[in-house]
Chemist: 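Below: one structure in structure tokens.
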Amino acid sequence: MGTYFKFLSLQATLFAIFILSTTNFSSTTATATTTPPFKKIYAFGDSFTDTGNTKSATGPTGFGHVSNPPYGSTFFHHPTNRYSDGRLVIDFVAEALALPYLPPYPKNKRNATHGLNFAFAGSTAINHAFFVNNNLTLDVTPQSIQTQLIWFNKFLESQGCKGTVSSSSQCKALLDDALIWVGEIGVNDYAYSVGSSISSDTIRKLAISSVIQFLQAILKKGVKHVVIQGLPPTGCLPLSMSLTSEDDRDDMGCAKSVNNQSGTHNAMYQARLQEIRTQFPDATITHLDYWNAYRSVVKNPEAYGFKEPFKACCGSGTPPYNFDVFTVCGMPSASACPNPSQYINWDGVHLTEAMYKALFHMFVNDTFSQPPLGQLLGMKQNGR
Ligand SMILES: *[C@@H]1O[C@H](CO)[C@@H](O)[C@H](O)[C@H]1NC(C)=O
Ligand SMILES: *[C@@H]1O[C@H](CO)[C@@H](O)[C@H](O)[C@H]1NC(C)=O
Ligand SMILES: *[C@@H]1O[C@H](CO)[C@@H](O)[C@H](O)[C@H]1NC(C)=O
Ligand SMILES: *[C@@H]1O[C@H](CO)[C@@H](O)[C@H](O)[C@H]1NC(C)=O
């Protein structure tokens, strides 16, 4: 998801607006009988996974008001540059492994004992050059998953790891007990190309190829455990709902055209994963079914404690979605609901801590991960 909103001036209209996209740590010696399997996490992705990179690098500041309250109000009680009121799925993963919350990469290059977070809000799957070559550069974040790979390689090299786990003891020390977490990536590619002549078929093919290349590059280093995920039903975001007409709705009540795009993307991505699994039989590649987990919540929000499936908690006050691109969360004129835990959506694009927590539980407990994430995280045998 994007860091901010993109304002595209189209000739015919005044504006056509599209989104870009859209410490109190537990001890690692919690009990004598439970040894968490992973000592580190290296995470990649976009704003759904970014734990503070955007504001600590030279990224866009655009319309991102993520450094202002009420971002961070729920758990950290101050803005942390996370695009939510509180913790993200990756934070719940860190907690489950009894590891500290992942530090963002740019400011923590030298202190990566427990891993690093390379996820960068606004990142695309496709290389930035593609957007440049197609004149799609207005407020586009130049980072992509390939940039994150470059950062990761630089980090590894700075620690003496230049080969693979089997050829280099430095690589083994860095990667052998690491979980590789590849969060949502690809949503911004569609968002940045809205209104252009590039078809969503083209975006889908290029985006998925880029992510597959990224996965191959990481797996070639000899990592053993990778978690990947599809896209959420992006048509359910207040942003998408507010930009589409009331007759563009699917059985979830969400923007059908937009959901078709992310659903089609996921189907192709999952098909390509089979190739990767065959190519790297020694690695465990866990797939999280973000779409269907999210869908379960939208279909039955009350069962998960939600009252507002489609309305943003923090926004302009504009009905029916509490979303208006000119008055977004973090601006002085926007305000947050008093009960974010009853909302799926936080700011029109990103999710509330409550939703990230519900999704995490579903990935861990239910049938929305394959192979089961709870087992991978050692949660089942820990009885947690
Ligand atoms: C490194 O990070 C850990 C937490 O992960 C922290 O306790 C420690 O103080 C940090 N060290 C430095 C030198 O910043
Ligand atoms: C991009 O813009 C330049 C200059 O306006 C133009 O010459 C070029 O044809 C455009 N490229 C595309 C792919 O639209
Ligand atoms: C998307 O729409 C096409 C054409 O209507 C349809 O064939 C396809 O099944 C839809 N896919 C998803 C994932 O909704
Ligand atoms: C399983 O889900 C329930 C809520 O649905 C949650 O209370 C519980 O903590 C979850 N278990 C794990 C291991 O996350």
Side-chain angles (χ1 to χ4, degrees), residues 1-2 16 18-22 45-48 89 124-126 145 182-212 214-215 227-277 285-301 304 306 309-310 321 344-345 348-351 355 358-359 362-363 366-370 373:
M1 294 290 165
F18 298 103
I19 195 66
L20 294 192
S21 55
T22 69
D46 63 14
S47 56
F48 270 40
V89 172
T124 51
I126 306 171
I145 195 79
V182 186
E184 175 199 271
I185 191 78
V187 169
N188 293 313
D189 300 66
Y190 293 98
Y192 293 169
S193 57
V194 166
S196 78
S197 59
I198 300 162
S199 72
S200 62
D201 282 0
T202 301
I203 295 292
R204 185 169 59 250
K205 281 177 198 142
L206 293 175
I208 291 172
S209 290
S210 177
V211 177
I212 296 289
F214 167 86
L215 291 172
V227 176
I228 60 148
Q229 52 214 280
L231 306 181
T234 46
C236 300
L237 305 178
L239 165 89
S240 306
M241 305 276 286
S242 69
L243 292 177
T244 50
S245 75
E246 287 297 324
D247 57 12
D248 182 11
R249 295 291 180 259
D250 61 13
D251 71 323
M252 287 188 258
C254 304
K256 186 177 184 170
S257 55
V258 183
N259 270 351
N260 186 282
Q261 208 168 57
S262 40
T264 306
H265 181 102
N266 287 342
M268 187 191 243
Y269 188 30
Q270 266 182 276
R272 294 288 306 270
L273 281 177
Q274 292 314 323
E275 296 168 28
I276 294 278
R277 285 184 168 134
I285 301 168
T286 301
H287 175 257
L288 309 183
D289 189 352
Y290 221 101
W291 173 285
N292 280 306
Y294 195 120
R295 178 189 166 88
S296 288
V297 179
V298 172
K299 286 293 228 180
N300 195 5
Y304 298 89
F306 294 108
F310 301 127
Y321 304 112
I344 288 179
N345 196 277
V349 175
H350 307 102
L351 312 181
M355 182 60 171
L359 290 168
M362 294 166 90
F363 295 144
D366 297 328
T367 55
F368 299 104
S369 60
Q370 192 52 47
L373 181 66

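Counting starts at 1 for both ligands and their atoms, following the listed order. Throughout, residue positions are numbered sequentially from 1 according to the sequence presented.
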Chemist: Report yes if the side chains of Leu231 and Glu184 come closer than 4.5 Å at any heavy-atom pair, otherwise no.
Modeler: yes
Chemist: Less than 4.5 Å apart, any side-chain heavy atom of Gln370 and any of Gln270?
Modeler: no
Chemist: Do Arg204 and Ser199 pair up side chain to side chain, a donor and an acceptor below 3.5 Å, judged on atom types alone?
Modeler: no
Chemist: Compare every heavy atom of Tyr294 with every heavy atom of Pro232, then report the nearest pair and how far apart it is.
Modeler: CB-CD1, 4.0 Å
Chemist: What pairs meet the salt bridge (Lys or Arg N to Asp or Glu O under 4.0 Å) rule with one or both residues in residues 251-262, with sequence neighbours excluded?
Modeler: Asp251-Arg295, Asp251-Lys299
Chemist: With the side chain counted from C-beta on, respond yes when Tyr192 and Ile126 share a heavy-atom pair under 4.5 Å apart, and no when they do not.
Modeler: no
Chemist: Is there any protein N/O under 3.5 Å from an N/O of ligand 3, and what does the full list of such pairs look like?
Modeler:
residue, atom, partner, partner atom, Å
ligand 3, 2 (O), Asn260, OD1, 3.4
ligand 3, 2 (O), Asn260, ND2, 2.2
ligand 3, 11 (N), Asn260, ND2, 3.1
ligand 3, 14 (O), Asn260, ND2, 3.1

